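Read through the structure below, which is laid out as structure tokens, and then see the notes.
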Amino acid sequence: MKKYLLILPLLLLFQCKEKTTSKETTKKPIVGVITEKAMVVCAREEASKIGLDVMRKGGNAFDAMIATDLALAVSYPFAGNIGGGGFMVYRTKDGKIGALDYREKAPLATHHDFYLDKEGNVIPDKSTLGANAVGVPGTIAGLFKVHEKFGTIPFKELIQPAINMAKRGVIVTKKQAEAIEKYKAGFKKANHRTILLDKNWKAGDTIKYIQLAKTLERIRDNGRDEFYKGKTADILVSYLKDLGGVITKEDLAKYEAKWRKPISFTYKDTKIISMSPPSSGGICLAQILKTIEPYNIKQYQHNSVKYVQLITEAERRAYADRAYFLGDSDFIHIAIDSLISSDYLKNRMRNFSWNKANTSAEIAHGKLNGLESNETTHYSIVDQFGNAVAVTTTLNGAYGSKVYVKEGGFLLNNEMDDFSIKPGFANSYGLVGAEANAVAPEKRMLSSMSPTIVEQNGKLKMVLGSPGGSTIITSVMQNILNVIEFNMGMQESVSQPRFHHQWLPDNIRFELTFNKTIFPKLEQLGYSIEQANAPVIGKVDAILVLPNGKLEAGADPRGDDKAAGF
Ligand code: GLY
């Protein structure tokens, strides 16, 4: 969350503009970009436009996804990547749903106690900074997998705009200049040499990514295996070896992106489709929404004491279950149906009281009765045919492990920190975990990424997702409620202040813009309020299908995010 401090000035500005109650915002709705047929919303305008151009030329949302993802790898090195991984949830024009997992996985040489010293203590920074924090990247495998199944335009044409942009250069935004400055010490520590981002980059400068352009050209010419078996693989492995890392060519050669069955569930009259394990996103989202489903949410004012209280108690219980039950479903059994069943969730709320906060000490994970587990970027796309894709991709921390493969021109993730490196030890998002998410060779680390699609009356309603580590799930959940329960438009919804509870630490994080008048009452009920570490929560980029069939974008004003459509 500290990573968000750099966005503080924007947030204060935003606070001045947005100092309205939800009642007032209903009177004067904030309206986003509205288009007739197609839309891309992502973290950089340049990338949205590249995705849109693909659809203008007749490409579909999947073609646009590939071009947008690669454009973000160039224009948004903070989280866009070819050295990380991600998840996609899709809904085709004829209503078929699916999900792709291109999450990183643990190198073969890692093991349960890889991040502990001989005394069993966590080795500082090992899972977050430098070569040993890196999981085997999945992005390039993921993009080729999408292309194989859904692509209609040759991959070479989809990668070319990113290559052109890398050669031409990308203008540094104010936020980007601040972020680069903030993480310079990390780059030095991780690389033992200077890297492209070390220079004194200022807003308005143009960074040319020449080495990255060369890597993308090799991928264009040689295909997927260039990254996993070719020269790029050699460069990556040799650099990590120099830095003391353990990823081998065997690790790269064995990597596979996987089609998964998404988590799908109903909330009142909507069907929600979100990411399955190894992400916790879909299950947690289902648990929270199905826990509050029996309540008449509309009767509580948006972001009022009762609204925050009910959602907090649902979140507390969902994150307690996350910590205990969830991990990579290829390695452990997860009783998904039980975890999201209404009976189980009703029972979890049996000790909820409107008069007093529960504590996380008294709420452990649930009992399953022997039945059947911040820095990221999200984009949403709807095409002119009616296909929709929601993609969340990440290096994990800002600029990942900070390891920059100079000859390849790209950064590598620090996704290994998403494992539970020691039971009960909090990762960089403050999340704790247990055996289900322990490190094991070739295992995928548990994620919170929640690319999500909402249907109503059998039709596409919303496409959304967010970065923000543990806060992704609750950011997505609040935007679903803003639209479904409070009838907000997409931009209005995305612009609302947000809050978050994740079981441990036992506090409610509120954005600085949140209406503070409810805090005394919440404190009186026993809730602990946290604002220091949460200037902003999530950065939601979403698309809403309006009743007249047009598309409204919600581009999160917390970042440089922009929509483009036709
Ligand atoms: N690296 C953040 C997540 O996957 O949840």
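Each ligand, and each atom within it, is numbered from 1 in the order the structure gives. The structure presented is a predicted model; accordingly, all values stated were derived computationally and were not measured.
- Geometrically, K406 does not engage Y239 in a cation-pi contact, judged by NZ or CZ lying under 6.0 Å from the ring centre and within 45° of the ring axis.
- Residue contact check: N396 has heavy atoms under 4.0 Å from atoms 1 (N), 2 (C) of ligand 1.
- Ring centers of Y90 and F150: under 6.0 Å apart, within the cut-off.
- Of the polar atoms of D418, at least one N or O is found under 3.5 Å from an N or O of ligand 1, judged by distance alone.
- Here R103 has side-chain heavy atoms under 4.0 Å from ligand 1, and that is the only part of it that gets that close.
- Electrostatic pairing of D328 and K105 does not count as a salt bridge here, judged by no charged N lying under 4.0 Å from a carboxylate O.
- The atoms of ligand 1 that sit less than 4.0 Å from any heavy atom of S448 are 3 (C), 4 (O), 5 (O).
- Under 4.0 angstrom from ligand 1, the non-hydrogen atoms of E415 all belong to its side chain.
- When ring centroids are compared, Y404 and F410 stay outside the 6.0 Å threshold.
- Using bins of under 30°, 30° to 60° and over 60° for the plane-to-plane angle, the ring pair Y319/H500 lands in the perpendicular bin.
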